[in-house]
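Structure below; questions to follow.
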Amino acid sequence: MNFFKAFHCEISSIVEKLSAAGKLPDGMDPSRLTCEPPRDASHGDVATNAAMVLCKQAKMKPRDLAELLAVEIAKIDHVTSVDVAGPGFINIRLAQEFWHAKLCDVLAAGTDWGNSDIGNGQTVNVEYVSANPTGPMHVGHGRGAVVGDALALLLAKAGYKVTKEYYINDAGAQVDVLARSAYLRYREAFGETIEIPEGLYPGDYLVPVGEKLKETFGDKWLNAEESDYLDEIKAFSINAMMDLIREDLAVLGVTHDVFSSEKELVENGGVDKAIAYLEERGLIYTGVLEPPKGKKPEDWEPRPQLLFKASEFGDDVDRPLKKSDGSGTYFASDIAYHFDKFQRGSDQLIDVMGADHGGYVKRMKAAVKAMSEGKAELDIKLAQMVNLMDNGEPVKMSKRAGTFITLREVINKVTKDVVRFIMLTRKNDAQLDFDFAKVTEQSKDNPVFYVQYAHARCHSVFRKADEEFADLDRTETALAKADLSLLNDESELTLMRLMAEWPRLIEAAAESHEPHRITYYLYDLASEFHSLWNKGTGDVSLRFLHADNLELTKARLALLKAVSLVIASGLLVLGVEPREELR
RNA sequence: GCGCCCAUAGCUCAGCUGGAUAGAGCAUCCGCCUUCUAAGCGGACGGUCGAGGGUUCGAAUCCUUCUGGGCGCGCCA
């Protein structure tokens, strides 16, 4: 439970009460009122801007209004002091018992601590990865995969009903290129020396596909016309590539609920249906586009095309739906695909894609707005580039020279947990340096290690406790009954406050679709924990285990248990496995 | 030419949807192990939040104009 919300309610009702009593005007609008942790912890535990946002309506000076509200706020349970500060902030301080009670809540909830109901069962569709089935995943895909997967887990924790989806682009020209490339490998499997022309895929991951083709079809296609073999070889190769990609995803711990095929969508008439739907609403016409200014394509010539009125929905220009050969553009099938997702029941759609698709955002949002008549909301998260580094030096990659590093190679080198965590140490739209040396280092420079180490340290104490206090009941329910009032060191209280904020963080991260906030929170929590740990080196009384004081030991173990649970809870959202031991 | 993203300490980055004296880590300097993991902790130093203007009780955050980077701009996806 996000306790800041509880305070928000309390204060709103205080405002109502004061209105009823004639001390404030009627009909005060508290919508801009917030309750937050103050920026500086020395200001208190909860701060509200109530007086500043309401002063105009109340026709009072902010500080006067603050004083009026403060008298009432002081009567709320567990409030020990209320101060008015700065331009009219009301700072609220809470009793230690409040934090001790929160600690019990954590122990009772376990890793479900932080679960929220703000999603209210709403359906969200998160589409991510959607890499073309033309080769193994690279690191950039990996980032999109992790961002999407963590976002989906986060939304689920916040009470949304989430569908995790992968869109297979198996209908365009790129898969034809794949088929031609695979065909060459097929000939190669018969001993022919081949040369891969410019424009085809040179990667040797297609060699086994060629051999499989030989096994499956024998020499059937060796002297055939392309029109005869293309479709079958294409289907075969796409399957092989999707198997490869699914394996990459599995190794990364990413799982999708639904795989949607563009080809099927086209063949089932989905695209025609979507176009017809837009046509009925007068949103489609045939017209000629202006050539793009500045960089003009060489072979540009004006041509009448089937266009969607994207400009009526916030896009800059109208967008083409048909290619000159009469087949649909990628945009056309993507409209149909989003239409399909909407009709399957999601009114919140999220796409995670590479930043190089940035130019696509406006038109897709326009299309969703048009198709759903404004009912569906589309958010597009762009995953920026990942720079592979080693010890500060960029890792040089070239597809031609065969020094291209795949996602799988990176995972094998550093483990999937490291990849997942590091991918979330930046906002999705900021570039990310992924340094092999740094991310595998066991030091505080490495955030993955730092957080895992905190978790492992908790468990190290548990192991020690099991040795020294063999008959102590270490279950959550038993520890919750300890005398928690013994936990009153400032570091201990800070830890409890941080853990109490976890539900609020989950809600904020979920609402803003920003899973990277989890990583930062975990880092802060780990840091506070390491700090407490080290206090024990100078001050023996702050160590966790005390042979001569069972009550204190139990209380400290309760705190440790809670810390390890909250870290585990956060790592779970990131899809990272909490480690109990690091050496 | 147009559109989107970015600009915060010497470096790499946070900044909770407009709040109080802008925060971490690295680097530099000074401290802390007879200890449940020193693989760690504490302190010091470090800022005209790219520049100017605007909106209001209040701006790193919103609007606008510049400057400097990245991406994109019909028949690729």
Side-chain angles (χ1 to χ4, degrees), chain A residues 32 34 36-40 43 47 49 52-53 55-56 61-62 85-89 91 130-132 134 169 171-175 177 262 288-295 297 299-303 305 307 315-317 319-320 322-327 329-331 333-334 353-362 382 384-385 425-427 429-431 433 441-447 449-450 453-454 456-458 460-465 467-468 501 504-505 508-509 511-512 514 516-517 520-521 523-524 527 530-538 540 543-545 560 581-583:
Chain A
R32 288 182 56 217
T34 60
E36 317 176 305
R39 194 174 285 280
D40 189 335
H43 291 146
N49 61 359
M52 291 178 294
V53 290
C55 62
K56 255 193 187 157
K61 287 183 192 160
F89 281 104
N91 289 327
S130 301
N132 294 330
T134 56
N169 302 134
Q174 309 224 341
V175 284
V177 174
E262 181 186 1
V288 182
L289 283 175
E290 293 286 310
K293 299 250 160 51
K295 204 186 75 181
D299 56 346
W300 172 270
E301 50 182 86
R303 174 179 295 133
Q305 283 179 300
L307 300 171
D315 201 356
D316 308 308
V317 292
R319 303 291 179 176
K322 289 252 163 101
K323 302 182 200 171
S324 51
D325 68 357
S327 64
T329 58
Y330 178 75
F331 181 50
S333 50
D334 218 6
M353 43 198 205
D356 52 336
H357 290 63
Y360 202 67
V361 171
K362 272 192 180 181
L382 297 176
Q384 257 293 356
M385 245 195 335
T425 54
R426 291 282 176 275
K427 294 180 283 206
D429 52 6
Q431 289 197 17
D433 287 345
E441 200 172 281
Q442 301 215 326
S443 82
K444 63 176 174 173
D445 302 355
N446 176 4
F449 169 78
Y450 190 77
Y453 185 34
R457 270 184 156 174
C458 293
S460 147
V461 180
F462 297 153
R463 286 189 292 271
K464 185 87 176 174
E467 279 172 31
E468 293 185 7
E501 278 178 32
R504 177 176 182 271
L505 189 112
E511 277 175 340
S512 58
E514 290 184 347
H516 74 275
R517 293 195 197 183
Y520 284 91
Y521 171 85
Y523 187 89
D524 287 346
S527 172
H530 288 309
S531 174
L532 172 62
W533 179 286
N534 271 86
K535 274 194 177 178
T537 67
V540 181
R543 294 191 191 168
F544 302 109
L545 304 179
L560 279 182
E581 211 170 355
L582 289 178
R583 55 181 165 203

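A, B, ... follow the sequence lines: proteins, then strands. Residue 1 opens every chain.
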Polar pair under 3.5 Å, donor/acceptor by atom type, side chain A/R463, base B/rC36: no
Verdict with supporting geometry, A/K464 and A/E468, salt bridge (Lys or Arg N to Asp or Glu O under 4.0 Å): CA-CA 6 Å; A/K464 185 87 176 174; A/E468 293 185 7; 3.4 Å; yes
Nearest-angstrom distance from the residue atom NZ of A/K535 to C1' of B/rC32: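 Atom-to-atom, A/K535 to B/rC32, this comes out as 15 Å.
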Modelled atom types, side-chain donor and acceptor of A/N132 and A/T134, under 3.5 Å: no
Letter per nucleotide, 5' to 3', of nucleotides 10-17 of chain B [B base touched, S only sugar-phosphate touched, - untouched; heavy atoms, 4.0 Å]: --SSSSBB
Side-chain N,O (A/K362) to OP1/OP2 (B/rC2) below 4.0 Å: no
Sugar-phosphate, base or nothing in reach of A/A465, heavy atoms under 4.0 Å: nothing
Within 6.0 Å of NZ in A/K323, more than 12 heavy atoms from elsewhere: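 Buried by this count: over 12 neighbours within 6.0 Å.
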Pairing residues for A/L582 by the side chain to side chain contact (heavy atoms under 4.5 Å, CB included) criterion, not counting sequence neighbours: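 Result, side chain to side chain contact (heavy atoms under 4.5 Å, CB included) vs A/L582: A/F449, A/Q452, A/Y453, A/A456, A/R579.
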Non-hydrogen atoms of A/N91 and A/A47 that approach each other most closely: OD1-CB, 3.5 Å
Sugar-phosphate, base or nothing in reach of A/A173, heavy atoms under 4.0 Å: sugar-phosphate
Presence of donor-acceptor pair under 3.5 Å, side chain of A/D334 and base of B/rA77: no
Candidates B/rG3, B/rA77, B/rC41 - which lies nearest the side chain of A/D316: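 Nucleotide nearest to A/D316's side chain: B/rG3.
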Minimum-distance nucleotide (side-chain atoms of A/N132 versus B/rA77, B/rA20, B/rC36): B/rA77
Runs of at least three Watson-Crick or G-U pairs with RNA chain B, cut-off 3.5 Å: B:1-5 with B:69-73, B:10-13 with B:23-26, B:28-32 with B:40-44, B:50-54 with B:62-66
Is_stacked (A/H357, B/rG72) at 5.5 Å, 30 deg: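 It does not: the two rings, one from A/H357 and one from B/rG72, miss the stacking criterion.
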Which residues share a side chain to side chain contact (heavy atoms under 4.5 Å, CB included) with A/V540, sequence neighbours left out: A/R543
Parallel, tilted or perpendicular: rings of A/Y360 and A/Y330 (30°, 60°): tilted
Could you write out each protein N or O paired with an N or O of nucleotides 25-31 of chain B at a distance under 3.5 Å?
residue : atom : partner : partner atom : Å
B/rC26  : OP1  : A/K444  : NZ           : 3.3

Side chains of A/R517 and A/S512, donor plus acceptor under 3.5 Å: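 Side-chain D/A pair, A/R517 to A/S512: present.
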Closest to side chain of A/N49, choosing from B/rC71, B/rG19, B/rC41: B/rG19
Short N/O separations, protein against nucleotides 54-58 of chain B, under 3.5 angstrom:
residue : atom : partner : partner atom : Å
B/rC57  : OP1  : A/K56   : NZ           : 2.8
B/rG58  : O6   : A/R32   : NH2          : 3.4

Sugar-phosphate, base or nothing in reach of A/L582, heavy atoms under 4.0 Å: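 The answer is base, as A/L582 lies within the cut-off (heavy atoms under 4.0 Å) of a base atom.
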Expected output: side-chain A/N49 to main-chain A/T34 donor-acceptor under 3.5 Å: yes
Chi-angle category of B/rC33 [syn within 90° of 0, anti beyond]: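 The base of B/rC33 is oriented syn (glycosidic angle within 90° of 0).
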N-glycosidic conformation, B/rU12 - syn within 90 degrees of 0, else anti: anti
Rounded distance in Å - CD (A/E581) to C1' (B/rC36):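 Answer to the nearest Å: 13 Å.
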